[in-house]
Amino acid sequence: MSLTPVPLPPGFGGGLPLAGSRHVRWSQALGVGGAVPASALSAAERARLSAPRPDLCGLTLDRPRIMGILNVTPDSFSDGGAHATLEAAVARAAEMAGEADLLDIGGESTRPGAREVPEDEEIARTAPVIREIRARGIAIPISIDTRKAAVARAALEAGADMVNDVTALRWDPRMAPLVAERGVPVCLMHSVADPETMQAHARYDDVLAEVCDHLAARIEAAEAAGIARRNIVTDPGIGFGKTLAHNLTLLRGLARLHDLGAPVLLGASRKRFIGTLSDSGDEMSGRLPGSLAVALHGAAQGIQILRVHDVRETRRALRVWQGLAGEDGETEDGA
Ligand code: HH2
């Protein structure tokens with residue numbers, strides 16, 4: 001049975017922890033035939049939805065973690081060109097390291113319609129920045145956002161700890177063996193086609209079920225390639241070959257991804273659907289309030305990693321959310 005856990009409001013006394021969360025509990029799951037009480041599920045099904053997820057890069061996942069985005073690209077949709085020099089990129093990394101739990105560094109834009117960046121150029125954009133962050137003693141875990149094994153390898157050698165592959169290891173056949181050999185965590189994101197053509201492929205009968213099935217298949221492929229289950233993170237790929245309606249369906253049903261038994265990453269920050277829904281259009285600063293709303297929605301659905309541009313603002317919003325989340329949250333320092 002495919003299950004959708006229904007999270008209860010923070011502070012609710014009963015229920016079971018959702019995916020090991022200190023803040024979010026669940027007591028019912030939606031199966032094919034409708035809502036089922038937790039007590040009607042098998043012990044294995046309950047455990048899959050409730051069990052704590054393994055630590056990631058030394059971080060416990062019992063609370064939402066903030067992944068700060070650093071795009072060292074000239075053309076990213078929201079911050080392209082802002083961190084194009086080594087100095088600007090390292091300064092932004094140092095600033096975010098104060099409040100983020102991990103950083104995600106990327107050298108190729110994946111915005112709809114983006115063109116592929118040659119491997120050596122992507123390496124030249126990312127590896128020196130990672131090396132310099134480490135040279136300055138900034139110890140925060142770093143993820144490399146790339147679909148190319150050579151870029152991931154150079155980043156790991158420069159001091160990165162994790163790979164974030166928006167193609168879920170489908171683009172480059174050398175990526176899965178690299179991740180397996182290095183024993184590092186990997187984020188498997190749902191996407192269709194490639195950034196150049198993905199919006200033309202935005203067609204699903206049941207987007208939530210199809211994304212979950214795709215991710216389950218990618219987890220299986222990763223394990224078959226020798227990647228340990230404890231090193232796998234999943235991601236519904238908000239905005240990647242999805243319409244506004246698809247994004248909303250995925251966001252409403254986010255908690256269902258916990259049925260995959262792996263931590264879930266959500267990357268919705270500043271994306272177009274937020275501009276559309278909040279009526280703030282293409283102006284990036286106008287997308288901040290909506291980005292915070294979506295981040296808190298993700299937190300309430302037990303999402304473990306929130307990939308965001310606005311780290312300080314997200315940290316402040318999360319502190320309030322954690323305070324409101326009740327007993328467990330009150331002992332939390334928010335760091
Ligand atoms: N979104 C973007 C890039 N990488 N990785 C994961 N795992 N999930 C996401 O949702 C995701 C991602 C696109 O956002 P951004 O990095 O800000 O823009 P660009 O790709 O234009 O650099």
Side-chain angles (χ1 to χ4, degrees), residues 56-57 65-84 89 92 96 100 102-117 121-122 125-126 129 141-148 151-152 155 160 162-171 175 179 185-192 194-196 198-199 211 214-215 218 222 232-242 246-247 250-251 254 257 262-275 282 284-285 287-288 290-291 294-295 298 303-311 314:
L56 183 79
C57 301
R65 296 293 185 174
I66 296 180
M67 172 183 260
I69 302 170
L70 182 62
N71 286 318
V72 281
T73 55
D75 59 343
S76 284
F77 78 91
S78 81
D79 56 354
H83 317 113
R92 179 66 184 140
M96 286 197 290
L102 63 170
L103 300 181
D104 189 37
I105 300 186
E108 177 181 62
S109 174
T110 52
R111 73 185 193 289
R115 306 298 286 272
E116 189 183 344
V117 175
E121 193 175 329
E122 199 179 329
R125 289 177 182 178
T126 49
V129 173
I142 295 176
S143 146
I144 175 73
D145 183 356
T146 187
R147 49 188 171 161
K148 305 188 190 95
V151 178
M162 170 177 167
V163 174
N164 172 22
D165 182 349
V166 299
T167 74
L169 310 173
R170 288 178 304 126
W171 176 267
M175 189 65 115
V179 171
V186 62
C187 178
L188 306 178
M189 197 198 78
H190 175 273
S191 63
V192 286
D194 55 47
E196 276 186 56
M198 63 189 177
Q199 286 311 110
V211 165
H214 174 92
L215 290 173
R218 295 316 302 154
I232 298 175
V233 175
T234 61
D235 180 341
I238 298 298
F240 282 79
K242 283 126 190 155
H246 295 141
N247 288 325
L250 287 172
L251 287 165
L254 267 186
L257 271 74
V264 184
L265 185 152
L266 177 67
S269 179
R270 298 188 189 171
K271 286 189 177 166
R272 179 186 299 273
F273 79 96
I274 292 177
D282 288 338
M284 288 303 144
S285 62
R287 296 186 185 178
L288 171 61
S291 298
V294 179
I303 294 303
Q304 288 91 355
I305 303 155
L306 299 167
R307 181 182 183 276
V308 303
H309 300 89
D310 302 290
V311 168
T314 307

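As the structure lists them, so they are numbered: ligands from 1, and atoms in each ligand from 1.
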Which distance, rounded to the nearest 0.5 Å, do you find between the CG of Asp310 and the CG of Leu288? 4.5 Å
Is it the case that more than 12 heavy atoms not belonging to Arg170 sit under 6.0 Å from its CZ atom? yes
Residues in salt bridge (charged side-chain N to carboxylate O under 4.0 Å, His left out) with Glu122, at least two apart? Lys148
Residues forming a salt bridge (charged side-chain N to carboxylate O under 4.0 Å, His left out) with Arg307, sequence neighbours excluded: Asp104, Asp145
Quick check against the 3.5 Å criterion: does Ser143 have a side-chain atom that pairs as donor or acceptor with the backbone of Ile105? no
Output all residues satisfying side chain to side chain contact (heavy atoms under 4.5 Å, CB included) with Ala168, sequence neighbours left out; order by chain, then residue number. Leu188, Arg218
In order of chain and number, which residues sit within 4.0 Å of ligand 1 by heavy atom? Asn71, Ser76, Phe77, Ser109, Thr110, Arg111, Asp145, Asn164, Val166, Cys187, Met189, Asp235, Phe240, Leu265, Gly267, Lys271, Arg307, His309
